[in-house]
Chemist: 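A single structure is presented below for examination.
The sequence lines fix the lettering, A, B, ..., with proteins before strands; numbering per chain opens at 1.
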Protein chains: 4
Amino acid sequence: MSPRRPEQWKKIRLEKREKILDTALELFATHGYHGSSVSMIARKAGISKGLLYTYFDNKEHLLREVLANGMDELIRDLHLIPDQGINREMLLSYIELTFGRLKESTRFYQLFFSLVVQPSVLPIFRQQFIERILPLMKLLEKYFEEQGEQDPLAKAYLFIAILDGVGMDYIATGGIYPLEKLKDLFIHLFLDEQPEKRGT
Amino acid sequence: MSPRRPEQWKKIRLEKREKILDTALELFATHGYHGSSVSMIARKAGISKGLLYTYFDNKEHLLREVLANGMDELIRDLHLIPDQGINREMLLSYIELTFGRLKESTRFYQLFFSLVVQPSVLPIFRQQFIERILPLMKLLEKYFEEQGEQDPLAKAYLFIAILDGVGMDYIATGGIYPLEKLKDLFIHLFLDEQPEKRGT
Amino acid sequence: MSPRRPEQWKKIRLEKREKILDTALELFATHGYHGSSVSMIARKAGISKGLLYTYFDNKEHLLREVLANGMDELIRDLHLIPDQGINREMLLSYIELTFGRLKESTRFYQLFFSLVVQPSVLPIFRQQFIERILPLMKLLEKYFEEQGEQDPLAKAYLFIAILDGVGMDYIATGGIYPLEKLKDLFIHLFLDEQPEKRGT
Amino acid sequence: MSPRRPEQWKKIRLEKREKILDTALELFATHGYHGSSVSMIARKAGISKGLLYTYFDNKEHLLREVLANGMDELIRDLHLIPDQGINREMLLSYIELTFGRLKESTRFYQLFFSLVVQPSVLPIFRQQFIERILPLMKLLEKYFEEQGEQDPLAKAYLFIAILDGVGMDYIATGGIYPLEKLKDLFIHLFLDEQPEKRGT
DNA sequence: GATGAATGAGATTTCATTCAT
DNA sequence: TATGAATGAAATCTCATTCAT
């Protein structure tokens, strides 16, 4: 056997790392962090426990990496620049992307929600989450303000709540959930409605 | 000395049982089922591990009882009779009650959501949950149909999604969440709107 | 309710004590000493754990009493006086009684055998047992010597071994064991045979 | 450094497994199944409790393996083929081997007897035991029939009873038991006797 | 006399982590 | 790099015994 060149080694390591992260995501998402043992993860990933510990310092670090990994994927191509404000088109594309990601990365959303609901598992997580969502809230508030909403902040909260609620219900019910319909209804609700007509 | 009378024993047991259930709910909700040890629960409830096992056969049974207990409280006074259909007033009262319960029984909602998202912890739970929510869905669909909605089922899904999303966000953010505002917005959205005006 | 007279109390206590001993015998015999919990015994005897401890100091004492009780029953009417030697008639009656006791007190034999085989459970027991069986051995040896046996001690050992073996097999196989036949064969073997004819 | 080769791992595991089985046999035999804790076994075998569970799924499985192991040893070289019947020579060799095994594998016999007497510990065991002894009974019955015995089945029962009784007494009394003498007497009883002379 | 709640020690079992090879 | 044996702490659960009433 010829010795592998450095970049080959690197590639192998990266692939194996990815494999571990995927497996860990799946197990953490379905059984929870405390409900998934390192042995289970290693076995399902097809490696030894010992090797896993050369990739990740410990179980908590593994969880952090799983989260970081998933977050990166989640916000890929999702460029909402806080300073510039958003328009109707940008919001539409944001919604489309978010619903798409929900389908692609269901597992990650599942883990995500479980950690949001149960923050004691990884205390820093909730803080990070709030920090990340605040800029979005600001943008939404500004957008709804420009649209002439009476209470733009509340509307922003509602926007987020629906995204979260649809996500949770989609995860809870699985394939039978009418995700597309909900998306259309959602878009209709936030983009087509003419708020100035309300109350007249 | 005379032994305690049966009703004395009963009272003692009932009170202690309640205490254990409360403690377990709190810990299961914040740390998750696997993240809460029986020792923790016993210590926090001020009793020995051994005694806990005279009240509940095992940890899983304790969880089931916690759930059953919470469910009972959740649906107390919430009489939606499937056969008769619902009107505006009944829906309003349902919403008011649900938002109220969210505030009163936040802990239970937290546990509830975590189990919905992570069904492997207690597999029967998801099934039970779906069975319980189906009648409500039917009622909502019928109501929205009578209101002249184009897609009443989707609207019903949206209704549930918002409740879930608001609940989750309220739990995730704690006291700072503008629950009352969201309730008003929610009521406005589903009860005040005149759908026949849409698109005109 | 009129207060019970002292002898009534005494009678009640004695009966309850008997009930506990019976229950303990049954459980110790079937599940073993370590396999039978005090709770099980109390529940099956229809009393509370606390009461049991007013009758017996602790679990080991209970076992001792069970053994003493059973032993008394076992050797009732079985008068083999070491000094006087035994004759054919006495031996026959001893065999008859022993086989009869095996049927009556199967449970006790079961416990007995289990303790003989596993002496660490109650260390004193083996010693007591050996002390009790030695006089019988002496009598048997003397009897077989008088019968002209070549090796009377070995014959005595065989005598005991068959009793033990039949007892064990009877317990192991239950009702289907042909105890009567074995008794006849046994009697024939030790009482009918004319040893002086052997080898001629 | 290179990892251990598979056969090295295998050898290590096999040896340690044997060590655990030996220790478990000794403790189960002397203190009984319920009387021997996993901690005791692990400590005596010189390993941690945790490691024991990588070798055996649980305590009951350990007991089963101990039994299977011992059974294999017990019946090694003991070929009694049911179809062909047995002759005097084969029976003699069977007796010799059995008495030999009693000496070699005293511990196993001890465990064996305790489980026969107390079947609730491992319910399947008694059934297995009966199934294994039935063929032997059949062979013995046929042999004694050919020898002209009046009641060959009873004689077969007696044969087994003596083996069991001698075994039990040997275990109960330890080194002082005259095993060899009993063997000679046993052989004399079943192989030298001329049954046709009886009753004349 | 009688109850059964209560305990603490210890039982069985699991698991994150380390280590020799 | 990779293995899986090995550990010790901690998890779930049991049980002999005590105690207030």
Chemist: To the nearest angstrom, how far is D:Lys10 atom NZ from F:dA5 atom P?
Modeler: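 Interatomic distance, NZ of D:Lys10 to P of F:dA5: 13 Å.
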
Chemist: Give me the residues of residues 58-66 of chain D where at least one heavy atom lies under 4.0 Å from an atom of DNA chain E, by number, or none.
Modeler: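 Only D:Asn58, D:Lys59 qualify.
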
Chemist: As a check on the pairing definition, encode DNA chain F in dot-bracket form, counting Watson-Crick and G-U wobble pairs whose two distances are under 3.5 Å, and using | for partners outside this strand.
Modeler: .||||||||||||||||||||

Chemist: With 3.5 Å as the limit, what N/O pairs link the protein to nucleotides 6-9 of chain E?
Modeler:
residue	atom	partner	partner atom	Å
E:dA6	OP1	B:Lys16	NZ	2.4
E:dA6	OP2	B:Tyr55	OH	3.1
E:dA6	N6	C:Lys49	NZ	3.2
E:dT7	OP2	B:Ser48	N	3.0
E:dT7	OP2	B:Ser48	OG	3.2

Chemist: So do the side chains of C:Arg13 and C:Thr54 get within less than 4.5 Å of each other, counting heavy atoms only?
Modeler: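 With C-beta onward as the side chain, the pair touches.
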
Chemist: Under 4.0 Å between a side-chain N or O of D:Tyr53 and OP1 or OP2 of E:dT13?
Modeler: yes

Chemist: Hey, what do you get for CZ (C:Phe28) to OG1 (C:Thr23), rounding to the nearest 0.5 Å?
Modeler: 10.5 Å

Chemist: Any residue in residues 17-41 of chain C with a heavy atom nearer than 4.0 angstrom to DNA chain E? Just list them by number, or reply none.
Modeler: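 Within residues 17-41 of chain C, no residue comes under 4.0 Å of DNA chain E.
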
Chemist: Between D:Lys11 and D:Glu7, does a salt bridge (charged side-chain N to carboxylate O under 4.0 Å, His left out) hold up when you go through it step by step?
Modeler: CA-CA 6 Å; D:Lys11 195 170 159 253; D:Glu7 65 263 25; over 6 Å; no

Chemist: What side-chain donor-acceptor pairs closer than 3.5 Å can you find for residues 109-116 of chain C, not counting sequence neighbours?
Modeler:
residue	atom	partner	partner atom	Å
C:Gln110	OE1	C:Arg107	NH1	3.1
C:Gln110	NE2	C:Ala29	O	3.3
C:Gln110	NE2	D:Val117	O	3.0
C:Ser114	OG	C:Leu111	O	2.8
C:Ser114	OG	D:Gln118	NE2	3.1

Chemist: For B:Trp9 and F:dC19, what is the distance between atoms CH2 and P respectively, to the nearest whole Å?
Modeler: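 Taking atom P of F:dC19 as the reference, CH2 of B:Trp9 is at 15 Å.
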
Chemist: Can you tell me how far CG of A:Asn69 sits from CG of A:Asp22, rounded to the nearest 0.5 angstrom?
Modeler: 7.5 Å

Chemist: Checking D:Arg64 now: which residues fulfil side-chain contact (heavy atoms from CB on, under 4.5 Å) with it, not counting sequence neighbours?
Modeler: D:Glu60, D:Leu122, D:Ile124

Chemist: Return the set of residues passing salt bridge (Lys or Arg N to Asp or Glu O under 4.0 Å) with C:Lys19 (not counting sequence neighbours), or none when no residue passes.
Modeler: none

Chemist: Between C:Gln8 (CD) and E:dG1 (P), how many Å, whole number?
Modeler: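 To the nearest whole Å, that distance equals 15 Å.
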
Chemist: With sequence neighbours left out, what residues match B:Gln127 under side-chain hydrogen bond (donor to acceptor under 3.5 Å, both in side chains)?
Modeler: B:Glu131

Chemist: Going by the ring-ring contact (aromatic ring centres under 6.0 Å, His included) test, which pairs reach into residues 41-65 of chain D, not counting sequence neighbours?
Modeler: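 Those involving residues 41-65 of chain D do not exist here.
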
Chemist: In whole angstrom, what separates D:Phe56's CZ from E:dT12's C1'?
Modeler: 16 Å

Chemist: Does A:Ser120 have any side-chain contact (heavy atoms from CB on, under 4.5 Å) partners at least two apart in sequence or in another chain, and if so, which?
Modeler: B:His31

Chemist: Rounded to the nearest 0.5 Å, how far apart are CG of D:Leu67 and CD of D:Glu65?
Modeler: 9.5 Å

Chemist: What is the distance, rounded to the nearest whole Å, between atom CG of B:Leu14 and atom P of E:dA5?
Modeler: 12 Å

Chemist: Would you please name every residue forming a side-chain contact (heavy atoms from CB on, under 4.5 Å) with C:Leu14, sequence neighbours left out?
Modeler: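 For C:Leu14, no residue satisfies side-chain contact (heavy atoms from CB on, under 4.5 Å) once neighbours in sequence are set aside.
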
Chemist: Just distance, no hydrogens or angles: give the donor-acceptor pairs under 3.5 Å from side chains in residues 34-52 of chain C, sequence neighbours left out.
Modeler:
residue	atom	partner	partner atom	Å
C:Ser36	OG	C:Leu27	O	3.0
C:Ser36	OG	C:Gly32	O	2.6
C:Ser37	OG	C:Met40	N	3.1
C:Ser48	OG	C:Leu51	N	3.2

